[in-house]
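Counting convention: from 1, in listed order, for ligands and their atoms alike. For clarity, every value in this text was computed on a predicted model and none was experimentally measured.
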Amino acid sequence: MMKTTVKSLERSRQNLFIGGRFVEPKSGNYSASYDPTTGESWYEFAEAEAADVDAAVAAANSAFRNPAWRRMTQTDRGRLVRKLADLALERADELAAIETRDNGKLIKEMRAQMRAMPDSYHYFAGMADKLQGDTIPVNKLDMLNFNVREPLGVVGMITPWNSPLMLLTGTLAPCLAIGNTVVIKPSEHATASTLALAELITEAGFPAGVVNVVTGAGRSAGEALTRHPGVAKYVFTGSTETGRRIAANAASNLTPCSMELGGKSPHVVFADVDIERAVNGVVSGVFAAAGQTCVAGSRCFVEASIHDRFVEALVARTGRIKVGHPMLDDTDIGPLALSAQLTKVESYVASGLREGARIAAGGKRPQTDELSRGWYFEPTVMVEAQNDMAFMRDELFGPVVGIMPFSSEEEMISLANDTRYGLASGIWTQNIDRAMRFANQIEAGTVWINTYRSSSFMSANGGFKESGYGRRGGFEVMREFSRLKNIILDYSGAMQDPFVIRLK
Ligand code: TXE
């Protein structure tokens with residue numbers, strides 16, 4: 001079989017991956033995927049519609065019942081997931097190049113991400129034979145009461161365009177280790193890496209239909225998948241608005257969801273810190289990946305006594321950030337992944353100015369010839385920001401931070417929690433009591449103290465409030481994607497009176 005390479009993807013058409021084969025979409029329609037550095041199309045992906053989604057869900061359901069998967073031992077399942085990890089490691093640099101071409105993320109970041117990703121597959125592979133139930137006292141003689149954990153069935157995964165493979169791993173790896181089957185609907189803005197992974201799935205030896213990929217638009221392929229009665233659970237990562245719609249679609253079939261949605265995370269800096277370190281933390285929290293991370297620390301609260309010094313240092317540091325082509329090793333910020341993102345960021349910066357905020361750094365597209373064709377935006381520091389300004393309320397998903405001073409801990413907590421989101425948060429202080437008071441009071445699923453964006457697949461992450469529900473990572477995810485079954489076994493040999501419940 002021909003391997004997917006960046007070269008082979010170029011100017012080519014990619015098909016759907018259903019039942020272990022790449023197949024053409026029933027409609028015969030394909031759409032362009034664009035290179036964010038030029039705005040030009042670089043390959044075409046298939047537009048799946050309801051009939052293709054039906055076929056993918058049917059393939060996944062039949063794979064779920066196929067003894068080759070259903071009756072595979074846990075250890076063998078773990079072995080397969082490990083094999084996938086090894087293949088992904090062999091192809092890490094190639095997968096990284098595909099991600100960069102498709103979504104404009106920095107090649108150095110994508111290489112690091114792709115080389116680290118297999119560790120996460122290994123971690124979940126190791127859990128394949130560790131998911132255990134329990135026995136329960138039953139207060140009756142010669143009777144056993146126990147719970148077993150079993151896979152759910154077909155899991156529908158709707159994934160986003162920022163780090164598609166890395167974000168997929170946190171649920172795909174555990175789902176496979178548990179014995180579920182999956183239908184993945186990648187974002188129409190970055191499908192290539194998920195299709196490349198599909199090839200590795202076959203190469204690793206997963207039975208046909210265990211993993212299926214249906215590319216296409218959210219309004220067609222996505223809608224068909226999230227309304228499908230044959231799916232046991234949905235995993236969604238994306239905007240709060242689309243999450244709400246998917247949850248409503250799923251509710252019509254009483255299908256549960258795990259949702260990782262938007263964020264507007266607070267990043268707090270107290271006067272007792274080393275300013276340079278905190279500045280680097282804030283820069284990494286909001287400008288890394290051009291701000292296209294769900295945990296971006298986009299609202300920064302600075303203790304009033306150091307506000308001006310902090311802003312000065314942040315502006316100076318921001319001025320040294322290199323915006324450039326994502327394939328170059330000295331680039332710090334590449335383009336935004338979609339032209340719609342660029343328009344969104346520009347319009348929120350403009351509305352911030354109208355509402356009274358001021359630009360201290362950045363605020364526009366870079367004016368150089370070499371970057372003018374791509375979807376680049378300068379790292380932007382907005383001062384005199386307020387929580388009720390649109391750019392401080394909504395998720396921008398771009399390199400823009402709003403700065404606000406605070407005078408007391410109480411004021412800071414109330415400002416930090418004044419958001420409909422609750423994904424992440426960060427605090428810089430040398431006072432551990434204060435840091436722990438913040439950790440206890442902040443309404444967010446993740447708290448970083450004197451660091452930001454450090455993450456581990458070994459911990460369970462997820463949102464509070466409108467940032468979603470359900471957890472990814474750690475052992476918790478194994479419970480999310482399995483279900484409990486209670487079994488009662490009577491080995492007394494005596495049949496009781498059929499109309500009287502046995503008391504002992
Ligand atoms: O997101 P959508 P988009 C946020 C970020 C960004 C905004 C818009 O603020 O600016 O979302 O990005 C599929 N039924 N995040 O438009 O719409 C869609 O095809 C079923 C945060 O890309 O949420 C894609 O696969 N599926 C974020 C996925 O949903 C539907 C990551 C995400 O798309 C659908 C990405 C429908 N009706 C964006 N409509 C994070 N939390 O990391 C769309 N989709």
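Which parts of ligand 1 touch Ile246 is read off a 4.0 Å heavy-atom cut-off, strictly below it: atoms 14 (N), 20 (C), 26 (N). Near Glu260, the atoms of ligand 1 lying under 4.0 angstrom from a non-hydrogen atom of the residue are 41 (N). Annotation for ligand 1: atoms under 4.0 Å from non-hydrogen atoms of Lys344 are 5 (C), 6 (C), 7 (C), 9 (O), 10 (O).
In this structure, atom 33 (O) of ligand 1 is not in close contact with the protein, since no protein heavy atom lies within 4.0 Å of it. For atom 16 (O) of ligand 1, the nearest protein heavy atom is 4.0 Å or more away.
Glu99 contributes a side-chain N or O that, together with a main-chain N or O of Leu165, makes up a donor-acceptor pair within less than 3.5 Å. The closest donor-acceptor contact from the side chain of Ser347 to the backbone of Lys344 lies under 3.5 Å. Judged by distance alone, the side chain of Thr451 and the main-chain N or O of Ser454 form no donor-acceptor pair under 3.5 Å.
If you check which protein heavy atom lies closest to atom 43 (C) of ligand 1, you get Thr242 CG2, 3.4 Å. Atom 21 (C) of ligand 1 has its closest protein heavy atom at Glu395 OE1, 3.5 Å. The nearest protein atom to atom 29 (O) of ligand 1, hydrogens excluded, is given as Phe236 CE1, 3.2 Å; this is a heavy-atom distance. Among all protein heavy atoms, the one lying closest to atom 40 (C) of ligand 1 is Cys294 CB, 3.5 Å. What sits closest to atom 35 (C) of ligand 1 on the protein, heavy atoms only, is Pro160 CB, 3.5 Å. Considering only non-hydrogen protein atoms, atom 1 (O) of ligand 1 sits nearest to Ser239 OG, 4.0 Å. In terms of protein heavy atoms, atom 13 (C) of ligand 1 is closest to Ile158 CG2, 3.5 Å. Among all non-hydrogen protein atoms, the one lying nearest atom 20 (C) of ligand 1 is Gly222 C, 3.2 Å.
Distances between N or O atoms of Trp161 and those of ligand 1 include at least one value under 3.5 Å. Ligand 1 has an N or O atom lying under 3.5 Å from an N or O atom of Thr159, backbone or side chain. Annotation: Thr237 places no N or O atom under 3.5 Å from an N or O atom of ligand 1; distance criterion only.
Figure legend: Arg365 and Tyr376 shown without cation-pi pairing, the cationic atom not lying both under 6.0 angstrom from the six-membered ring centre and within 45 degrees of its axis. Relative to the six-membered ring of Phe481, Lys233 meets both conditions, a distance below 6.0 Å and an angle of at most 45° to the axis.
In Asn162, the part holding a heavy atom less than 4.0 Å from any atom of ligand 1 is the side chain. Proximity of Leu261 to ligand 1, defined as any heavy-atom pair under 4.0 Å, is confined to the backbone N, CA, C and O atoms. Here Glu223 has heavy atoms under 4.0 Å from ligand 1 in both its backbone and its side chain. Neither the backbone nor the side chain of Ala221 has a heavy atom within less than 4.0 Å of ligand 1. Of all the heavy atoms of Gln341, the ones lying under 4.0 Å from any atom of ligand 1 belong exclusively to the side chain.
Using a 3.5 Å distance cut-off with no hydrogens or angles, the side chains of Tyr34 and Asp102 do not pair a donor with an acceptor.
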Run the salt bridge (charged side-chain N to carboxylate O under 4.0 Å, His left out) check on Glu384 and Arg358 step by step: do they pass? CA-CA 6 Å; Glu384 288 156 45; Arg358 200 166 50 76; 3.1 Å; yes

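Pairs engaging residues 245-267 under the salt bridge (charged side-chain N to carboxylate O under 4.0 Å, His left out) rule: Glu223-Arg245 [sequence neighbours left out]. Listed by first and then second residue, the salt bridge (charged side-chain N to carboxylate O under 4.0 Å, His left out) pairs involving residues 417-428 are Glu241-Arg420, Asp394-Arg420, Arg420-Glu466 (not counting sequence neighbours).
A salt bridge links Arg13 to Glu44: at least one charged side-chain nitrogen sits closer than 4.0 Å to a carboxylate oxygen.
Within the 6.0 Å centre-distance limit, the rings of Tyr452 and His267 are counted as a close aromatic pair.
In summary, of the residues considered (Thr331, Asp329, Thr100), a side-chain contact (heavy atoms from CB on, under 4.5 Å) with Leu106 occurs for Thr331 alone.
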